[in-house]
Amino acid sequence: MKKCNLIKSILIFTAVLAITACEEQEKKKLINFPETNLAMENMIPKPLKIMASNSAFGLDQNTVIHTSSNATGFNEVGQYLSEKIKWQTQLDIAVNNTTNTSSGRVIFIHQLNDSTNSKKEAYELTITQDSVILSAATAEGAFRGVQTLRQLIPESSNDTLSETKMWLISSGKITDNPNFEYRGAMLDVARHFFSVEDVKKYIDLLAYYKINALHLHLTDDQGWRIEIKSWPKLTEIGGSSEVGGGPGGFYTQEDYKDLVAYAAKQYITIIPEVDMPGHTNAASLAYPFLNGNGKKVEPYTGIDVGFSTFDTRKDTVYAFIDDVVREISEMTPGPYFHAGGDESHVTKKKDFNYFISRVDKIVKKYGKRMIGWDEIVHADIDTTAIAQFWSNEENAKIAVEKGMKVILSPGKKAYLDMQYDTLSKYGLHWAAYIPVDTAYVWTPERYINGINKEHILGVEAPLWSETISTMEELEYLAFPRMIGYSELSWSTEENRNWEDYKIRLGNQTPFLDRMNVKYYPSKLIDWKKATLPIKPRLKD
Ligand code: TNX
């Protein structure tokens, strides 16, 4: 019996020794982590606060993801992170797997039960040697935090640290919250049509940079791109043309719902735009009673603007608009409906204002808040409507005087369809040439005298498509400038700095290349072609 006890004790002692030795070895490995600096990582947009603790979390095949149970949407955010980690590193990381007994390191996506925290996109990321804790009050906040975490995973693993591949994530703490609640991109699918697949790729790219609104310019003189069941000729006739005479195209209602749902999974709100009373040639071609310019309606495939208008004095026109707004609103969970209102050069001023105020009421009837290009401010509209400033500063000031909020899309700074310079392959230059630095170096909070942060809902970068018809051409104009607009709308003024930004931008190449993005390789940026694994800094 005694002998038996002795053997038992020896065995336990040996086991303890073995475990301690293992732990020592593990610790040694940790000690040998290279010194990191979280504050120097290539995050875009730059987070609000970063505190580096100079060590690292080793992401490897034993890492697991846990999410708060019963927290709406958190499990999905965990699954999304796992998919993205797999896509980048090939690691299969289990999410909320209760049968997994491995003692690997943990990424915990945790819901903060702080009812006083009204910042729905805020998050905190605490990275230590043993764990990554991502805390947020909402799944949306967690999703934004996941983008930051993705940006911290290095391109290559560090194989010298352990037998298994390990991706070292710099340690420290990030506290983050957006500067502006609206951070948008606009895509013109009317001048040239872009497929559901193309738009989904754009959404994936936008989500990585924490953009939360995608405004789709669905109708214009050259094409009508959204199926309206009660007015089928809109797409049968109006959908079959585009700039330059190509075949056009349109989204069925199923396509549109698919896009809305795809964007919603990445916490991006789709904002549908039906541009009116101008920019309506395609609609009037399908239903000539809508036309108000007194001319015979012909198909239009050029790029002039300002020649078309709805007839603003016919009740049947408003009955038509009622159907269009109703059908689109029913498929759009987001709070906004964009009614256009730009460049209605052949609509009399008083007719224009009458039109906009009637459309505002229709939009409200279907539970949406109207957004319109800055010309709408002259109409008698509710102050909950939003003016999208693009060219006329006086209009933006009137909006603010009326108590309306403003979205900033200055043509000279934020138009993605402006050429980079005289050599640019695509784009226009009526507002300006916009090189990559000009696109970034401006201050939304002080762009228009008297319009301050409190008046600004956010920033949006429109991409008009007169000169582009393929995804490659879209990418050439949108990237890298769109990445700068993400920082201009998410990060605070103190955290924005061109010299610092351009280095981080140059380091986006692994991601952009992996996404197969044909960005414009501006000479202002030192594009990093390959990232080498970090060399461990051995202490002994
Ligand atoms: C102006 S910006 C327009 C669009 C054109 C764009 C081309 C605005 C509200 N209207 O119709 O596509 O310029 O840059």
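Whatever order the structure lists them in is the order used to number ligands and atoms, beginning at 1. Starting from 1, each residue takes its place in the sequence as its number. All heavy atoms count here, side chains included; hydrogens, waters and symmetry mates do not.
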Q. Is the backbone of Gly292 close enough, under 3.5 Å, to the side chain of Arg313 for a donor and an acceptor to pair up by distance?
A.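 No; judged by distance alone, with no hydrogens or angles, the pair does not exist.
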Q: May I ask you to check whether Phe193 and Phe250 place their ring centres under 6.0 Å from each other?
A: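 No, they do not, as the ring centres are separated by 6.0 Å or more.
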Q: Determine whether more than 12 heavy atoms belonging to other residues, nucleotides or ligands lie under 6.0 Å from atom NZ of Lys412.
A: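 Counting other residues, nucleotides and ligands, NZ of Lys412 stays at 12 neighbours or fewer.
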Looking only at protein heavy atoms, which one is nearest to [atom], and what is the separation?
atom	result
atom 11 (O) of ligand 1	Arg191 NH2, 3.0 Å
atom 8 (C) of ligand 1	Asp342 OD2, 3.3 Å
atom 1 (C) of ligand 1	Glu343 OE2, 3.4 Å
atom 12 (O) of ligand 1	Glu466 OE2, 2.6 Å

Q) Under 3.5 Å, N or O to N or O, is Trp464 touching ligand 1 that way? A)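 It does not: no N or O of Trp464 is found under 3.5 Å from an N or O of ligand 1.
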Q. Within the structure, does Trp373 bring an N/O atom to less than 3.5 angstrom of an N/O atom in ligand 1?
A.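 Looking only at distances, the answer is no, because the N/O contact criterion of under 3.5 Å is not met.
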Q: Consider ligand 1: state whether an atom of it lies below 4.0 angstrom from any non-hydrogen atom of Gln388.
A: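 It does not; every heavy atom stays at 4.0 Å or beyond.
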Q. With a cut-off of 4.0 Å, which atoms of ligand 1 are near a heavy atom of Met418?
A.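 In order of numbering, the contacting atoms are 14 (O).
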Q. What pairs with Glu494 under side chain to side chain contact (heavy atoms under 4.5 Å, CB included), at least two apart in sequence or on another chain?
A.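 Result, side chain to side chain contact (heavy atoms under 4.5 Å, CB included) vs Glu494: Thr492.
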